[in-house]
Structures are given as C-alpha cells and as structure tokens.
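Both ligands and their constituent atoms are indexed starting at 1 by order of listing. In what follows, residues are counted from 1 in the order of the sequence shown.
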Amino acid sequence: MARSWLTGTADDGLPPTRDGVPDELRREVLRDAGVVVGLTVLVTAAGVAWELPRRIVTWSAGTGAPLDHLVFLLAASHLLMMVFGARRGRQLKAEAAAHRRLEEQLREQADHDPLTGLATLTAFLAALQRLERSGGDPDDVAVLLLDIDRFTAVNDTLGHDVGSDLLVAVADRVREVLPPDAVAARTGGDVFALLLPGAPADAATQVLAALRRPFPVGDLALEVDLSAGLAHGLRLGSAELVRRADVARSTAKRQATGVAVYSPEVDTFDPGQLALHGDLRRAVREGDLEVHHQPKVRLADGRVTGVEALVRWPHPHLGLLMPDRFIVLAEQTGLIAPLTDLVLRRALADARGWREQGRRLTVAVNVSARLLHDLDLPDRVAAALHEERVAPDDLELEVTETAAMDDPERAMTVLGRLRLLGVRLSVDDFGTGHASLAHLSRLPVDTLKVDRSFVAGLETEPAARAIVRSTVDLGHALGLSVVAEGVETAEQWHQLAAWGCDLAQGWWLARPVPAAVVPAVAAEIERRVAGLQRPAVTAIVPAPRVPVPRVPGAQRSLG
Ligand code: C2E
Ligand code: MG
Ligand code: MG
C-alpha cells in the first residue's frame, strides 16, 4: 500500500535531524559555542584595555610567582575540558538518536493497526486533513466506509481467532487492489475506511468487486456480505465527508443493498433534511399532504378495477414533492405511522366517494417495512375501515418482500391479523427484494406486483421478458393474481395480455391523478383500451419459457 498521504514527508510530526542530530540540539550547541567565543573576545579586550598582561608580568616579577606554571595549568585544564566536552557531545548525540527511534516506534504504533497493519483512525483522519490542505480538487476525493455484516456471528460461531484472521484477510485483499495514492485504515472492530483520491468511483467499484470473492481463513473459504457507504467531496471538510460515508453505510445496511452512495434524502442530520423534517412533521399534523391515485386496469377486458394511492406533499417553498423525497425521512423519524394513517383515511374516504358516484374501486395503500412490526396496525386499519364505512375487501395493502423478511415472525403476525380483517395484501416491487420462494409461499398475500424495472425491459431484454413471464406463471401457480407495474407502451400491454397477466398499472394507461378526476380518467382509459386494435401476434417475440419452481406446501398456505 502506498501511503504518501498517511506518512507525509516534512510533516510527519517528528523533529527534523541531520546526521542523526536533531536540528534543535545542533542549534543549541552552536549558540553556546558562539556565546563562549563572544565572551572570550570580550574578556580578552577588557584585559588588553586594562593592561592586564603587563600587570600580571609585573606582579609575577615582583612576587617571583612562576608564570610558565600558570600558563601550563590553564592549557591543561582547557584540554581536559575539551576532551570531556567532546565525550558529552557524543553521549548527547546517541541519546537524541535513541529518543528519536522511540518516538518513531510510538508513532508507528499510533499510526498502524497492530492486527492488520492498516492505518488507524487517527492516521486516516490526519491523512484526510493533509489532503484537504493540499489544495487539490476537493471533488476528486471520496471516502468508502465498509463493515462486515454479521461479524459478531463469525466471532461467536467460529471463534475470535477466525474473526481476527478474517479481518486480516479483508485487509490483505484491500491492500491488493488499492490504487497507489489511496489510504486504507481499520477504524475500529470490523469497520474499514478507504480514502480514495483521483478517480474515486472506479477505485470503489474495484475494491468492492475484490471483496466479493471468498476469503481463505484457515481451512475455510468465508463468503461475507459487506455494507459499504461512499461519499464524495471535501468541500464541507474532512469530518463531514467521513460522517456522510457513515450515513451511506448505515443506509446500505438498513436496506440490505450492500452499497449505498450518500444522498441528503436519507441523512436526518443534514441541515436541509432537518428543516424538511420539521416541515413534514407540521404537514402530517395539519393534514397538508395530498393523495393521488393511479388506476389499475384488468388486461382481460380493459376494466379499471382499482387504484393505488400515492402520497404527494405540496411543500410551501419546494413545490410538489414526490414520495422519494420524504418517505425515508418519515421512516427514520417515526412519522411514517401518522403519515400512513393519514393516507389510509384519505384513500378510504376517496373510495367511498367514488362508490357513491357509482364506481366501486379497490384502493391500495403502501405500507412501509417498519409498520409491519407495529402490532397496533391491524386495529388502526380496522378502525379506519369502520369509520370511513368501506368494506375490508375494497382495501389492499402493498408491502415489499424485504419488509416481510426482517423479523418475519412479527411481520407474519401483523399480516395474518390484517388478512383476518378481510383486507387484501400484495407484494410490491416483486423481484427486487431478497425473499426466498419458500418464504414467499408462506406470506398470506393475494397479489404479486412485478417491479417496473422488469416491465421496462419487456421489449428489449430477454432476461426481463423471462422474469416477467415466469412471475406471471409463478403467481398463478401459487393462486395469486399478478399486477405489472410501470406499463409505458401499448406493446407492453399487449405482451402482458398475451401472457395472461391480470392487471396493469403505468403511465401508458394513466399517471397518478387527484381523487376528483379518477372516475373520468377511469372511463377514458376504458374507452381507449376498448378501441385498441390487437397487434399481429408475430410482432411479439416469444420469451423463452422458464420452468416454474415448485414450492412445497404453497397451495396449502396461500390463497
Ligand atoms: P410504488 O408503490 O412501487 O409505486 C409506484 C411508483 O411508480 C409511483 O411512484 C408511480 O408514480 C410510479 N409509476 C407508475 N407508473 C409508472 C410508469 O409507467 N413509469 C414509471 N417510470 N413510473 C411509474 P411514486 O408515486 O413516486 O412513488 C414511489 C414510491 O413511494 C412508491 O413505489 C411507494 O413505495 C412509495 N410511496 C408512495 N406513497 C406512499 C405512501 O403513502 N406510503 C408509503 N409508505 N410509501 C409510499
Ligand atoms: Mg406500491
Ligand atoms: Mg411498486
């Protein structure tokens, strides 16, 4: 590992030396010598001025004192002083060198983690500050912070020696791929920090790719998951850069995405987010949120059977904000429960309004992962249904598959109670989470919503086609209905219809619209779809058939 930023050059904190003698000591000796020479000249000049030599000779002649003996005594004492002085000088030089070696050793220990040999946190921060002062382009710097998921479990199950060996193996792997100007540190426990000057994005990708390979530890090849956070730019200072990388690392861990790049939207401590949080709290309290609805259309006959309620926030200064600007913030700050209650009440009131106008539509409300662990949720939903006078099967709750996976026991209890109420449940963004088919088959849900990233690739990507088609088959095999999200073209609509997908939702049919216009928009969609010419079947390339995996017990526990 090159550590030019770590060790620095002239700025390593130790006193500068020449020939092993600290410059400070050399200066002191020269100053003392100068004083001695100066005093000698002064004394000699004073002696000459007061005619001391002549007086001494006169005194010697008058008293008979042996002047040659006196001169000899002075010369001998001078010589002895020089000999002892030189010896003391050599001693001082040796002492200074030993002192310096000790200082270097201490500095080495403070700068390097004894287990992995990587830099310590102190050295890492010092390197970052040197880089900050160096006057380079502040945008060309990134910090990548990473830690090993479930590292405590490695220690607990395989022992602390294996844990330590794993840390060393990770450090070695980092060193192998680190660009020459970068600095790597172990900043504590299983947390590693990388300072990446130059082309930080490429370097981060390279390091993360290298860390995905298994680590040889003793006889084992350990495969570990990492959570990594990347933040760019030194404009706000080194401490802020490190803090942002840490926020991104927490996001990666929370969302189980492996890696996340810092974004202010997920940063509750970002000054902008703090202000936004205050505004959101007020908006939720005062009901200043809007609910728009996006129709879901039956592919078999073009009927609009339901809508998805999507929250919008008309912010007094920032304009109409979409959920991606504030849902994460609400989730992190405990506002998600009152926000969901508000959306639920509005959605149910809207459904009642449409029914009173002669349009019965199922309304779907998104429920965040966090709320699936809230044992009071089913009671609140029951109260809302009762007060808004809406039948339970006119309400659908959309949950993501990953949501149901954290603390599955509790999520399963909440989902089970909601199901008992008679509310419909669907798995949102299906295909993007990490749920296993076995887990999925145990969820008490009615519908799979295929994520729009797959639907978007229907016309161009064979893999996306295969995924959508086999999800339709899988859903049906499990007794579930299947909704395709994000339908943006007529070709996608026809293809989904040909595969027997149940419902479609997307901009090609309608964007999310305010409740008041839903009946008119629904009627317009139905007219448009009824007038559609089915394209020649040959226009659609058949997707390769992917066998539907068998899920034991699926039929029993579902539907
Ligand atoms: P989602 O539940 O998957 O909702 C569908 C999102 O896809 C909506 O974005 C919708 O506007 C967008 N969309 C629909 N059709 C198309 C299309 O054809 N093309 C493209 N590119 N996009 C399409 P929106 O409204 O921005 O919502 C984003 C996400 O925010 C939602 O994803 C949902 O997870 C979350 N969300 C929205 N409202 C709520 C809410 O009340 N509570 C909670 N917890 N989450 C909400
Ligand atoms: Mg949804
Ligand atoms: Mg979705």
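Nearest to the Mg ion (ligand 3), among the N, O or S atoms that Asp428 has, is OD1. Its N, O or S atom nearest to the Mg ion (ligand 2) is what matters here, and for Glu308 that atom is OE2. Glu398 has its closest N, O or S atom to the Mg ion (ligand 2) at the position named OE1. Of all N/O/S atoms in Asp429, OD1 sits nearest the Mg ion (ligand 3). The atom name of the N/O/S atom in Glu485 closest to the Mg ion (ligand 3) is OE2.
Under a 4.0 Å criterion applied to the non-hydrogen atoms of Val311, ligand 1 contributes the atoms 38 (N), 39 (C), 40 (C), 41 (O). Here is the list of ligand 1 atoms found below 4.0 Å of a heavy atom in Pro512: 11 (O). Those atoms of ligand 1 that come under 4.0 Å of a heavy atom in Val487, given as number and element, are 18 (O). Those atoms of ligand 1 that come under 4.0 Å of a heavy atom in Glu488, given as number and element, are 17 (C), 18 (O), 19 (N), 20 (C), 21 (N).
Pairs engaging residues 317-342 under the ring-ring contact (aromatic ring centres under 6.0 Å, His included) rule: Trp313-Phe326, His315-His317 [sequence neighbours left out].
Heavy atoms of Arg312 approach ligand 1 to within less than 4.0 angstrom. Put simply, no part of Gln505 is less than 4.0 Å from ligand 1, judged by heavy atoms. Residue Thr340 places no heavy atom under 4.0 Å from ligand 1. The shortest heavy-atom distance from Asp429 to ligand 1 is under 4.0 Å. Under a 4.0 Å heavy-atom criterion, Lys449 is not in contact with ligand 1.
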Exercise for the section: Let me see the working for Glu388 and Arg352 under salt bridge (Lys or Arg N to Asp or Glu O under 4.0 Å), right down to the final yes or no. Expected result: CA-CA 7 Å; Glu388 300 297 338; Arg352 179 164 39 82; 2.9 Å; yes

Problem - Step-by-step salt bridge (Lys or Arg N to Asp or Glu O under 4.0 Å) determination, Arg345 to Glu387 - result: CA-CA 9 Å; Arg345 297 271 173 169; Glu387 283 158 33; 2.6 Å; yes

Problem - Test log, rule side-chain contact (heavy atoms from CB on, under 4.5 Å), inputs Arg186 and Val170 - result: CA-CA 10 Å; Arg186 182 166 79 111; Val170 170; over 6 Å; no

Exercise for the section: Report the C-alpha distance between Asp246 and Arg243 in whole Å, list the side-chain angles of each, state the deciding distance to 0.1 Å, and finish with yes or no for salt bridge (Lys or Arg N to Asp or Glu O under 4.0 Å). Expected result: CA-CA 5 Å; Asp246 207 28; Arg243 192 193 68 79; over 6 Å; no

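Two residues are said to be in side-chain contact when any heavy atoms from C-beta on lie closer than 4.5 Å; Val363 and His293 meet this criterion. Here the side chains of Thr471 and Phe454 are not in contact, with every heavy-atom distance at 4.5 Å or above. Taking 4.5 Å as the limit, some side-chain heavy atom of Arg150 sits within range of a side-chain heavy atom of Asp225. In this structure, Leu458 and Leu496 have side chains that are in contact, with non-hydrogen atoms separated by less than 4.5 Å. Taking 4.5 Å as the limit, some side-chain heavy atom of Arg380 sits within range of a side-chain heavy atom of Leu371. Side-chain contact between Arg424 and Asp393 is present, with at least one heavy-atom pair separated by less than 4.5 Å.
The closest donor-acceptor contact from the side chain of Arg419 to the backbone of Pro444 lies under 3.5 Å.
Just one residue in the list Ile148, Val207, Asp147 forms a side-chain contact (heavy atoms from CB on, under 4.5 Å) with Leu226, and that residue is Ile148.
Using a 4.0 Å cut-off between heavy atoms, Arg511 makes no contact with ligand 1 at all. If you look at His292 next to ligand 1, there are no close heavy atoms at all, none under 4.0 Å.
Of the protein's non-hydrogen atoms, Gln294 NE2, 2.9 Å is the one closest to atom 15 (N) of ligand 1. Ranking the protein heavy atoms by distance from atom 24 (P) of ligand 1 puts Pro323 CG, 3.8 Å first. Of the protein's non-hydrogen atoms, the one nearest atom 8 (C) of ligand 1 is Leu310 CD1, 3.8 Å. Nearest protein heavy-atom neighbour of atom 34 (O) of ligand 1: Asn366 OD1, 4.2 Å. Atom 13 (N) of ligand 1 has its closest protein heavy atom at Trp507 NE1, 3.6 Å. Scanning the protein heavy atoms around atom 44 (N) of ligand 1, the nearest turns out to be Ser368 OG, 2.9 Å. For atom 32 (O) of ligand 1, the closest heavy atom belonging to the protein is Asp428 OD2, 4.7 Å. What sits closest to atom 7 (O) of ligand 1 on the protein, heavy atoms only, is Arg452 NH1, 2.6 Å.
With sequence neighbours excluded, the residues satisfying side-chain hydrogen bond (donor to acceptor under 3.5 Å, both in side chains) with Glu398 are Lys296, Lys449.
The Mg ion (ligand 2) has an N, O or S atom of Asn366 closer than 2.8 Å.
A cation-pi geometry, defined here as NZ or CZ lying under 6.0 Å from the six-membered ring centre and within 45° of its normal, holds between Arg528 and Trp508.
Distances between N or O atoms of Asp324 and those of ligand 1 include no value under 3.5 Å.
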